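Taking it in order: structure first as structure tokens, then the write-up.
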Amino acid sequence: PTEAPSPQEHGLDFQRLLDASAYKEEFRQDMILWGERKRHTDPGFFCRAAVEGALQPVWVVSDTRRLSDVEWFRDTYGDVVQTVRVVATEETRKRRNWVFVTGVDDAESECGLDQGVAFDWVITNDGDEVALDKQLEMLVQSL
């Protein structure tokens with residue numbers, strides 16, 4: 001297969017790729033392949049892009065997908081890195097319209113951090129706003 005270009009290179013609607021629409025699903029596997037090729041040639045490519053030009057004392061880098069990403073941040077920034085995993089039950093995810101897709105949802109891009117990372121924080125997001133707020137408050141206070 002040919003290399004799938006980035007959203008900008010392919011003229012895709014970046015905002016629509018961020019939601020859970022059929023538009024995103026149409027291009028999802030090509031985006032995963034493109035990302036895998038980038039990571040294979042340069043494991044820090046996406047990590048460097050995430051922090052480029054950031055000047056704030058606290059950053060939130062969301063949606064990190066692979067152990068190599070976590071390792072890059074820890075190697076680059078050391079002990080100041082705090083890892084946070086947000087979890088929800090499968091039932092909650094289904095209520096939010098998630099549907100498991102073989103070959104996508106069981107790929108490294110979706111479950112590469114399910115093992116091998118000792119997270120500093122695990123936040124449960126199953127719809128209980130009070131419980132979620134308490135967990136996030138504890139995290140914010142620690143920072």
Side-chain angles (χ1 to χ4, degrees), residues 1-21 23-90 92-94 96-143:
T2 60
E3 180 175 333
S6 70
Q8 296 85 353
E9 294 167 349
H10 199 254
L12 301 178
D13 183 333
F14 182 72
Q15 289 304 311
R16 290 187 66 197
L17 293 173
L18 297 177
D19 64 26
S21 67
Y23 181 87
K24 173 184 172 180
E25 293 306 315
E26 183 179 339
F27 299 104
R28 192 172 182 193
Q29 287 189 308
D30 285 342
M31 291 187 307
I32 291 169
L33 288 173
W34 177 82
E36 294 301 328
R37 289 187 180 111
K38 282 289 190 189
R39 280 182 182 83
H40 181 71
T41 58
D42 179 4
F45 177 82
F46 293 104
C47 298
R48 283 192 309 281
V51 300
E52 184 177 325
L55 302 174
Q56 296 79 8
V58 175
W59 310 340
V60 175
V61 180
S62 64
D63 215 15
T64 304
R65 302 285 183 117
R66 291 168 178 74
L67 184 57
S68 62
D69 296 339
V70 173
E71 289 170 345
W72 185 89
F73 279 101
R74 286 185 172 155
D75 290 347
T76 303
Y77 298 105
D79 292 338
V80 298
V81 172
Q82 293 284 299
T83 54
V84 180
R85 181 175 181 102
V86 179
V87 298
T89 64
E90 189 169 326
T92 297
R93 296 173 72 198
K94 286 179 179 177
R96 295 173 179 161
N97 298 320
W98 172 77
V99 177
F100 181 86
V101 176
T102 301
V104 174
D105 291 307
D106 53 358
E108 183 184 12
S109 64
E110 299 302 315
C111 54
L113 295 177
D114 287 353
Q115 298 176 23
V117 177
F119 288 92
D120 299 303
W121 298 87
V122 177
I123 305 292
T124 302
N125 183 12
D126 275 324
D128 182 338
E129 290 184 37
V130 173
L132 179 61
D133 286 345
K134 286 180 182 177
Q135 294 171 84
L136 294 175
E137 183 62 30
M138 288 174 50
L139 174 59
V140 169
Q141 289 301 320
S142 79
L143 299 175

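All values reported here derive from a predicted model rather than from experimental measurement. In what follows, residues are counted from 1 in the order of the sequence shown.
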Self-check item: R96 side, atom CZ; N125 side, atom CG - distance, nearest 0.5 Å
Solution: 4.5 Å

Practice problem: Check whether any side-chain N or O of D105 sits under 3.5 Å from a backbone N or O of V101 as a donor-acceptor pair, and report yes or no. | Solution: yes

Quiz item: Which pair of heavy atoms, one from L136 and one from I123, lies closest together, and at what distance?
Solution: CD2-CG2, 4.3 Å

Self-check item: Minimal non-hydrogen separation, A50 against V61, with atom names
Solution: CB-CG1, 4.2 Å

Self-check item: Gap separating the SG atom of C47 from the CZ atom of R39, nearest 0.5 angstrom
Solution: 7.5 Å

Quiz item: Which of these, D75, V81, T64, sits in a side-chain contact (heavy atoms from CB on, under 4.5 Å) with V70?
Solution: T64

Exercise. Working to the nearest 0.5 Å, report the span between CZ of F100 and CG of D106.
Key: 4.0 Å

Quiz item: Shortest non-hydrogen contact from W121 to M138?
Solution: CH2-O, 3.7 Å

Exercise. Take F73 and W59 through the test ring pair (Phe, Tyr, Trp, His ring centres under 6.0 Å) and record every step on the way to the result.
Key: CA-CA 12 Å; F73 279 101; W59 310 340; 7.6 Å; no

Quiz item: If you look at every heavy atom in F119 and T83, which pair is closest and at what distance?
Solution: CA-OG1, 3.2 Å

Exercise. To the nearest 0.5 Å, tell me how far L67 CG sits from L113 CG.
Key: 6.5 Å

Self-check item: Chi angles and distances behind the side chain to side chain contact (heavy atoms under 4.5 Å, CB included) call for T92, W98
Solution: CA-CA 9 Å; T92 297; W98 172 77; over 6 Å; no

Quiz item: Which atoms form the tightest heavy-atom contact between R74 and A118, and what is the distance?
Solution: NH2-O, 3.5 Å

Practice problem: Please assess R48 against T76 for the test side chain to side chain contact (heavy atoms under 4.5 Å, CB included), listing each intermediate value before the final yes or no. | Solution: CA-CA 10 Å; R48 283 192 309 281; T76 303; over 6 Å; no

Quiz item: Is it true that K94 and E90 have a side-chain N and a carboxylate O under 4.0 angstrom from each other?
Solution: yes

Self-check item: Which atom of V122 lies closest to which atom of Q135, heavy atoms considered
Solution: O-OE1, 3.8 Å

Quiz item: Rounded to the nearest 0.5 Å, what separation is found between the CZ atom of R66 and the CD atom of E110?
Solution: 8.5 Å

Quiz item: Quick one: CG on D114 to CD on E108, what's the gap to the nearest 0.5 Å?
Solution: 10.5 Å

